[in-house]
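Quick note on labels: first sequence line is chain A, next is B, and so on, each numbered from 1.
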Amino acid sequence: GAVVSQHPSRVICKSGTSVKIECRSLDFQATTMFWYRQFPKKSLMLMATSNEGSKATYEQGVEKDKFLINHASLTLSTLTVTSAHPEDSSFYICSARTSGQGNTGELFFGEGSRLTVL
Amino acid sequence: EDQVTQSPEALRLQEGESSSLNCSYTVSGLRGLFWYRQDPGKGPEFLFTLYSAGEEKEKERLKATLTKKESFLHITAPKPEDSATYLCAVQYSSASKIIFGSGTRLSIRP
């Protein structure tokens, strides 16, 4: 299957600092990438849809000023958690979709980034 | 409201004991249904995509089926390495986003 690389896999930061997480599609181009957040033993919660060359679409309740998303190229999207607080500690996962008929390409996930805010 | 519901929440089986996981959905205009496997601390690993009722797909000990209201992931003669959380996700209508179920935690005892 297609490969999506996410970096860093783990990050620990102090409260008030910003953290950037990168998501790359290694062997295909992705006009759309998705960012999810996952709490322990819970399912994936969609945070935002990242569109190459345009603004991200955020889900209801997700602060766009706190979670900055940039989709600078067809293979790279970044999520920046600004002014991080302990409640932002979580497992963040990105995904990218391969092309498919009628926008139903398969979704492949990165390995996730574990953020711990002290 | 579009929803994806998985059952059971957790399932413990003996090695070799076959069973099925369920994913029911109430979305309008299904575009695709996806099954993923997730190991602790890892991102989900793609297993199958199903597009229309009656479709079936197989991979090793896993077989996914789809009806108009639900999908089943059948696991035949499971092994301990099949232990993981299995996630179902649905893409609906003309929207690009995908809704995930809460997952089934499968545990296979040797």
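Partner of W35(A) under the side-chain contact (heavy atoms from CB on, under 4.5 Å) criterion, chosen from I21(A), L44(A), V62(A): I21(A).
The greatest number of non-hydrogen atom pairs below 4.5 Å with chain A, out of S102(B), G103(B), A89(B), is found for S102(B). Residue with the most contacts toward chain A among G43(B), P40(B), G101(B): G43(B) (heavy-atom pairs, distance under 4.5 Å).
The side-chain heavy atoms of R61(B) and D82(B), taken from C-beta on, include a pair separated by under 4.5 Å.
Heavy atoms closer than 4.5 Å to chain B are found nowhere in Q6(A), neither backbone nor side chain. When heavy atoms are compared at a cutoff of 4.5 Å, E45(B) does not approach chain A at all.
Using a 4.5 Å cut-off between non-hydrogen atoms, the part of residues 64-93 of chain A that approaches chain B consists of F91(A), I93(A).
Remark: E56(B) CD to S71(B) OG distance equals 10.0 Å, nearest 0.5 Å. Here the NZ-CD distance, from K79(B) to E60(B), works out to 8.5 Å after rounding to the nearest 0.5 Å.
Side-chain polar atoms of Q38(A) and Q38(B) form a donor-acceptor pair below 3.5 angstrom.
For an aromatic pair to be called close, the ring centres must be under 6.0 Å apart, and F34(B) with F100(B) fails this.
With salt bridges taken as basic N to acidic carboxylate O contacts below 4.0 Å, one links R24(A) and E22(A).
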(message) Please determine whether side-chain contact (heavy atoms from CB on, under 4.5 Å) holds for the pair Y36(B) and C88(B), giving the CA-CA distance in whole Å, both sets of side-chain angles, and the decisive distance to 0.1 Å.
(response) CA-CA 6 Å; Y36(B) 291 87; C88(B) 168; over 6 Å; no
